[in-house]
Amino acid sequence: MKFQYLAVIFIIIILPITLVLSFYVQTQNDIMNRQNMYRAKLSDATYDAVKAFQINTTNSYYSSVSDSKIRDIEAAVNAFYNSLTTNLNYKKEELQAYVPAIVYTLYDGYYIYGKRYNVYENPRINESGELIDMTINTDPESVPKPELYEYGLKPFVYYSCQYQRGSDNFVVNYTLDNFISIYGTIGGQYVNKSGYLIQINRKF
């Protein structure tokens with residue numbers, strides 16, 4: 001009789017623990033599967049965006065012009081969100097809240113696509129849809145209005161750094177390879193030079 005009691009007590013103790021562990025393992029398995037699925041779809045969307053940017057810049061004769069770069073990057077961003085919305089069945093506006101920023105690293109700098117504050121307020125538009133006038137919010141202590149936030153490209157940021165030491169004050173612009181540009185005051189003289197730190201084609 002004691003063995004029956006022990007068996008019942010064993011079942012009462014072990015069965016809930018087994019059920020809880022089974023539920024926990026199944027939950028973790030579902031989370032990992034969902035994470036892998038999201039990771040794969042995000043990788044696919046990133047690949048589509050990079051491919052769209054490559055195709056646009058390859059076929060563009062003005063790929064070095066700022067307006068052309070902005071157009072190509074915005075097209076790549078649209079390709080990224082189109083791929084995500086197709087694979088996840090969500091709207092672009094819903095997905096943007098979960099994508100804090102998209103960074104495009106270029107040869108001499110980078111663009112960031114993300115949420116930005118529009119300083120222009122109260123735009124006046126005529127009957128044909130043309131912009132007549134708008135007020136610029138210049139008050140630094142004013143609280144940003146939520147409706148003035150919008151998604152778009154922020155200004156281009158160069159890979160640059162300013163160095164100051166004594167009377168020397170100059171800026172160095174870097175690139176993805178070893179080409180640099182230096183301009184500013186060095187040794188009391190204004191300098192504006194550019195070139196490669198290492199000559200790749202140089203024969204030793």
Side-chain angles (χ1 to χ4, degrees), residues 30-140 142-161 173-181:
D30 293 340
I31 290 173
M32 289 181 62
N33 289 336
R34 189 167 289 268
Q35 285 178 342
N36 290 333
M37 184 263 294
Y38 284 140
R39 190 177 293 112
K41 293 184 184 302
L42 185 61
S43 297
D44 292 342
T46 304
Y47 175 81
D48 292 339
V50 171
K51 201 67 178 174
F53 182 72
Q54 288 177 342
I55 292 172
N56 289 334
T57 53
T58 300
N59 295 330
S60 177
Y61 294 103
Y62 305 101
S63 59
S64 61
V65 180
S66 177
D67 292 341
S68 180
K69 283 183 182 178
I70 292 174
R71 183 197 65 218
D72 295 338
I73 290 174
E74 289 177 345
V77 170
N78 288 332
F80 174 80
Y81 279 112
N82 288 339
S83 179
L84 274 185
T85 54
T86 302
N87 292 327
L88 298 176
N89 295 324
Y90 285 99
K91 295 181 180 179
K92 179 181 178 181
E93 293 75 17
E94 296 173 336
L95 293 173
Q96 282 181 328
Y98 297 96
V99 182
I102 302 175
V103 181
Y104 283 83
T105 54
L106 304 178
Y107 178 70
D108 55 347
Y110 60 90
Y111 281 103
I112 296 179
Y113 181 91
K115 205 170 188 179
R116 62 184 182 183
Y117 180 64
N118 188 358
V119 297
Y120 296 102
E121 297 180 348
N122 306 320
R124 291 194 304 157
I125 301 174
N126 60 16
E127 297 176 356
S128 61
E130 297 176 352
L131 182 65
I132 301 174
D133 188 18
M134 61 175 51
T135 306
I136 300 178
N137 182 14
T138 57
D139 184 8
S142 64
V143 179
K145 299 177 182 178
E147 63 271 13
L148 294 179
Y149 282 103
E150 60 184 14
Y151 287 91
L153 279 180
K154 297 181 180 181
F156 186 74
V157 180
Y158 289 93
Y159 305 132
S160 63
C161 184
N173 288 335
Y174 299 94
T175 59
L176 292 181
D177 56 15
N178 59 5
F179 185 86
I180 64 170
S181 299

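Note that these values count all heavy atoms, side chains included, but never hydrogens, waters or copies made by symmetry.
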Kindly write out the residues that satisfy ring-ring contact (aromatic ring centres under 6.0 Å, His included) with [X], not counting sequence neighbours, or none if the list is empty.
| X | result |
| --- | --- |
| Y38 | none |
| Y81 | none |
| F179 | Y196 |

Exercise for the section: Would you mind reporting whether V50 and Q54 have side-chain heavy atoms less than 4.5 Å apart? Expected result: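 Touching, per the 4.5 Å side-chain cut-off.
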Ignoring hydrogens, what is the shortest heavy-atom contact between [X] and [Y]? Give both atom names and the distance.
| X | Y | value |
| --- | --- | --- |
| Y110 | Y159 | CD2-CE2, 3.5 Å |
| G109 | F156 | CA-CZ, 3.3 Å |
| N78 | K92 | OD1-NZ, 3.3 Å |

Practice task
Could you list the residues that satisfy side chain to side chain contact (heavy atoms under 4.5 Å, CB included) with E74, not counting sequence neighbours?
Solution key: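 I70, L153.
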Handout entry: For A52, all residues meeting side chain to side chain contact (heavy atoms under 4.5 Å, CB included), sequence neighbours excluded
Key =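 Applying side chain to side chain contact (heavy atoms under 4.5 Å, CB included) to A52 gives A79.
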Result block: side-chain N/O donor-acceptor pairs under 3.5 angstrom for residues 96-107, not counting sequence neighbours:
from : atom 1 : to   : atom 2 : distance (Å)
Y107 : OH     : D177 : OD1    : 2.8
Y107 : OH     : D177 : OD2    : 3.1

How long is the straight-line distance from [atom2] of [Y] back to [atom1] of [X], given to the nearest 0.5 Å?
| X | Y | atom1 | atom2 | answer |
| --- | --- | --- | --- | --- |
| N87 | L95 | CG | CG | 10.5 Å |
| T86 | N89 | OG1 | CG | 8.0 Å |
| D48 | F80 | CG | CZ | 10.0 Å |
| N56 | K69 | CG | NZ | 14.5 Å |
| S83 | L88 | OG | CG | 8.5 Å |
| T85 | E94 | OG1 | CD | 10.5 Å |

